[in-house]
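Heads up, the thing below is written out as structure tokens.
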Amino acid sequence: MPTTSPTRQLARSPRRALLIDLDTLSRDRGHHLDTAQLRQRLETVLACAGEIDHILAAAAPHTVARYLAELVSLRLPVATAVARHRTAPRVLFERAEHLISVGYTEIVLAAGHRSLGVLCRHPKVATIVCAPAKSLSHHLRSCATQVITLC
């Protein structure tokens, strides 16, 4: 007769997502970055994010068009925010809500908009905000689990 041993539960790693607001990251002091500058900033964000299970960038159509070659070369999936009420932060917020509902526990936000602060206050999620200092709202800075300031 076969014997059975008690089943052991393996500890699950936290599921981690990176959500990028390209409209925020592609600007510095009111001016658009050139493609090399944006690529460097995105590579820094990807390095800061570490190992991730899901990634999404969001931006207005003109931002996507301006930087399309860089986005493709970095293999970043992009959602376009085409309506006034469907801005990049809104697209990212909706994706984060879905990810949290399916068990994600860590969200890295490469964004600075204050509306994303609601995610930082979610009781089941750790949030890391990674953005240029000038683009980072005080509200988001104050409620994130961790803040990484980009140059």
Audit row: L71, L22, side chain to side chain contact (heavy atoms under 4.5 Å, CB included) steps and yes/no: CA-CA 10 Å; L71 300 173; L22 288 171; 3.7 Å; yes
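- You'll find the side chain of I148 reaches within 4.5 Å of the side chain of I128, heavy atoms only.
- Looking at Y67 and T35, their side chains come closer than 4.5 Å, going by heavy atoms from C-beta outward.
- S115 contributes atom OG, which lies 8.5 Å from atom CG of L140 (distance to the nearest 0.5 angstrom).
- Residues L136 and V45 fall into different hydrophobic clusters, defined by Ile, Leu, Val, Met, Phe, Trp and Tyr side chains chained together at heavy-atom separations under 4.5 Å.
- R15 contributes a side-chain N or O that, together with a main-chain N or O of V102, makes up a donor-acceptor pair within less than 3.5 Å.
- In this structure, R95 places its CZ atom where only 12 or fewer heavy-atom neighbours from other residues, nucleotides or ligands lie under 6.0 Å away.
- Q37 places a side-chain N or O within donor-acceptor distance of the main-chain N or O of D34, the cut-off being under 3.5 Å.
- By the criterion of side-chain heavy atoms lying less than 4.5 angstrom apart, applied directly or through intervening Ile, Leu, Val, Met, Phe, Trp or Tyr residues, V78 is not grouped with L99; the two fall into different hydrophobic clusters.
- Interatomic distance, CG of L76 versus CG of L46, reported as 6.0 Å (0.5 Å rounding).
- Pairing each heavy atom of T24 with each of G112, the nearest pair is CG2-N, 4.0 Å.
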Evaluation steps, side chain to side chain contact (heavy atoms under 4.5 Å, CB included), between C130 and L150: CA-CA 7 Å; C130 183; L150 300 174; 3.6 Å; yes
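- Just one of L19, L18, V129 meets the side-chain contact (heavy atoms from CB on, under 4.5 Å) condition when paired with V108; it is L18.
- Under a hydrophobic-cluster definition in which Ile, Leu, Val, Met, Phe, Trp and Tyr are linked whenever side-chain heavy atoms come within less than 4.5 Å, directly or via other members, V91 and L42 are assigned to different clusters.
- No donor-acceptor pair closer than 3.5 Å links the side chain of R141 to the backbone N or O of V147.
- By the 4.5 Å heavy-atom criterion applied to side chains, P61 and V82 are counted as neighbours.
- In this structure, CD1 in I100 is found 5.0 Å from CD1 in I107, a value given to the nearest 0.5 Å.
- The heavy-atom pair separating T127 from A144 by the smallest distance is OG1-CA, 3.6 Å.
- Shown here for A96 and L119, the closest heavy-atom pair between the two residues is CB-CD1, 3.5 Å.
- A distance-only check finds no donor-acceptor pair linking the side chain of T145 to the backbone of A126 [under 3.5 Å].
- The one candidate from Q40, R39, R41 that meets the side chain to side chain donor-acceptor pair (under 3.5 Å) condition with E43 is R39.
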Steps toward side chain to side chain contact (heavy atoms under 4.5 Å, CB included) verdict (H31, R27): CA-CA 5 Å; H31 300 287; R27 298 180 69 82; over 6 Å; no
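- Contact annotation: the side chain of L56 never approaches that of I20 to less than 4.5 Å [non-hydrogen atoms, C-beta and beyond].
- A distance of 7.5 Å separates NE2 of H139 from SG of C120, quoted to the nearest 0.5 Å.
- Side-chain atoms of R16 come within 3.5 Å of backbone atoms of A49 as a donor-acceptor pair (strictly under, hydrogens ignored).
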Step-by-step side chain to side chain contact (heavy atoms under 4.5 Å, CB included) determination, V125 to E106: CA-CA 5 Å; V125 179; E106 293 182 4; 5.9 Å; no
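- Heavy atoms only, all atoms of each residue included: L38 and S26 are closest at CD1-CA, 3.9 Å.
- Between T105 and P14, the closest heavy-atom pair is OG1-CB, 3.2 Å.
- Distance check, rounded to the nearest 0.5 Å: NE2 of H138 to SG of C143 gives 9.5 Å.
- Checked by atom type and distance alone, the side chain of T63 never pairs as donor or acceptor with a backbone atom of A59 at under 3.5 Å.
- The two residues D23 and A60 come nearest to each other via the heavy atoms OD2-N, 3.0 Å.
- For the pair T87 and D21, the minimum side-chain heavy-atom distance is 4.5 Å or more.
- Note on I52: it does not cluster hydrophobically with L109, by side-chain heavy-atom contacts below 4.5 Å among ILVMFWY residues.
- S137 has its side chain out of reach of L116: every pair of non-hydrogen atoms, C-beta onward, lies at least 4.5 Å apart.
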